[in-house]
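Owing to the predicted nature of the structure, the values given are computational and were not obtained by experimental measurement. One-based numbering, in listed order, for ligands and for the atoms of each.
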Amino acid sequence: MHEPVFRGNEKKYLNECIDSTYVSSVGKFVDQFEIKIAEYTGADKAVVCVNGTNALHLALILAGVKRDDEVITQPLTFIATANAIAYSGAHPVFLDVDRETLGLSPDALSEFLKTSTVLTSTGCYNKITKRRISACVPMHTFGHPCRIDQIVTICNQYNIEVIEDAAESLGSFYKGRHTGIYGNIGVLSFNGNKILTTGGGGMLLFKNEELAKRAKHLTTQAKVPHAWEFRHDEVGYNYRMPNLNAALGLAQLEQLKSFVQIKRRIADEYSNFFSGTEIEFIKEPLDSESNYWLNSILLKDKKERDAFLKFSNEHGVMTRPAWELISRLPMFSNAQRGDVTNSEWIADRLVNLPSSVIPEK
Ligand SMILES: *Cc1c(COP(=O)(O)O)cnc(C)c1O
């Protein structure tokens, strides 16, 4: 569904990287990759990570999420979003998505916070569990931006930190600004199937330089910088992306604009193909410009969806359903949730279509 394309300076930079012997976690490609991603997205600072999942984990720690806090997210997302919440010792609360954006619904969020929480001087607390709700992690599903500005406004009113899971939305803009820079921290992924790949990798996006500095510190085992001494001042992590991966990423980033253009052209072709049929092609939401990372359609019901999946896969076209809702998985089945009707409706009907960037010959 997503073949990576290596048609730029990938081999050149990788060779340069090997020749320099700086293949590990320090090197010029790491620095350049961070600078270029910050430039492209409009973040004040960007900090590399080994993958998107641990970038999310670190983002939660940086946002001040503590053991036994609660973190709001959507059930229609890749498992990494919920796993990262579990790593931080917090409990996810699943709220519904919008039918139009496939991302967290500001209406569902606002309704839940109004009816189910109390706001005190130390934060927002869940009335039933008495736990603090410290963060909210909306996700831009398949590259389509959710109504992130409203989500941020609501969370600000309740003293809740917003971490944007923008793992799928590099190259997607909402109201003219890149996704991942609306919240205090944004997270990107460069896994092999994402729009741009470093083999495996992730990135944290920040507005706040102090927070970025702390991210760099925590990803490098919390080592106090010194020419020869090895001293660490808190429990840190080995979450740094190696220079080798950043070299690949930098070469890929140079082609991002053309990748997005090609993706949008493929989306146009699908859109034309399905127009006038009973199958709905999912278009970019209002006020947004999507990278169309993963093209999707909606079938009439689950039965038709399954028939479509069976037919296409048996005929050599790989298609797949949306993720099983996280709230339905055994390890999160006891988690709190709101009314998740839209998420269920979408999960029963949605099919993802092949979306590889096909380069011009
Ligand atoms: C890909 C992805 C991640 C991070 O994945 P990694 O493979 O760890 O880089 C996180 N959230 C979502 C929604 C994703 O699609």
Enquirer: Determine whether more than 12 heavy atoms belonging to other residues, nucleotides or ligands lie under 6.0 Å from atom OH of Tyr22.
Expert: no
Enquirer: Are the charged groups of Lys207 and Asp44 less than 4.0 angstrom apart, N to O?
Expert: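 No, Lys207 and Asp44 are not salt-bridged.
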Enquirer: List every atom of ligand 1 that sits less than 4.0 Å from any heavy atom of Gly201, numbering the atoms from 1 in the order shown and giving each element.
Expert: 9 (O)
Enquirer: If we set the cut-off at 4.0 Å for heavy atoms, which region of Val187 has an atom near ligand 1: side chain, backbone, both, or neither?
Expert: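 Neither; nothing of Val187 gets under 4.0 Å from ligand 1.
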Enquirer: Within ligand 1, which atoms have a heavy atom of Asn51 less than 4.0 Å away?
Expert: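 Listed by number with element, the hits are 8 (O), 9 (O).
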Enquirer: Is Lys213 salt-bridged to Glu209, going by a charged N under 4.0 Å from an acidic O?
Expert: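 No, no charged N to carboxylate O under 4.0 Å.
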Enquirer: Please check this pair: side chain of His232 against backbone of Glu234, looking for a donor-acceptor N/O pair closer than 3.5 Å.
Expert: no
Enquirer: Please identify which atoms of ligand 1 are closer than 4.0 Å to at least one heavy atom of Ala167.
Expert: 2 (C), 3 (C), 10 (C), 11 (N), 12 (C), 14 (C)
Enquirer: For ligand 1, is there an atom lying under 4.0 Å from some heavy atom of Gly200?
Expert: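 The answer is no, since Gly200 has no heavy atom less than 4.0 Å from ligand 1.
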Enquirer: Would you mind listing which atoms of ligand 1 come within a distance below 4.0 Å of any non-hydrogen atom of Ala80?
Expert: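 Per the distance check, 3 (C), 10 (C).
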Enquirer: Do any N/O atoms on Phe78 end up under 3.5 angstrom from N/O atoms on ligand 1?
Expert: no
Enquirer: Could you tell me the residue and atom name of the protein heavy atom closest to atom 2 (C) of ligand 1, and the distance to it rounded to 0.1 Å?
Expert: Lys194 NZ, 2.8 Å
Enquirer: I'd like to check which ligand 1 atoms, numbered from 1 as shown, lie under 4.0 Å from a non-hydrogen atom of Thr77.
Expert: 13 (C)
Enquirer: I'd like to know if Asp149 pairs up with Arg177 as an ion pair, taking the criterion as any Lys NZ or Arg NE/NH1/NH2 lying under 4.0 Å from an Asp or Glu carboxylate oxygen.
Expert: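 Salt bridge: no.
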Enquirer: Any Lys/Arg nitrogen of Glu210 or Arg214 sitting under 4.0 Å from an Asp/Glu carboxylate oxygen of the other?
Expert: no
Enquirer: Heavy atoms only: which of His140, Met139, Glu168 lies closest to atom 15 (O) of ligand 1?
Expert: Glu168
Enquirer: Looking only at protein heavy atoms, identify the closest one to atom 11 (N) of ligand 1 and say how far it is in Å.
Expert: Asp165 OD2, 2.8 Å
Enquirer: Among all protein heavy atoms, pick the one closest to atom 8 (O) of ligand 1 and tell me residue, atom and distance.
Expert: Thr53 OG1, 2.5 Å
Enquirer: Looking at Glu280 and Lys300, is there a salt bridge between them, counting it only when a charged N and a carboxylate O are closer than 4.0 Å?
Expert: no
Enquirer: When you look at NZ of Lys223, are more than 12 heavy atoms from neighbouring residues, nucleotides or ligands closer to it than 6.0 Å?
Expert: yes
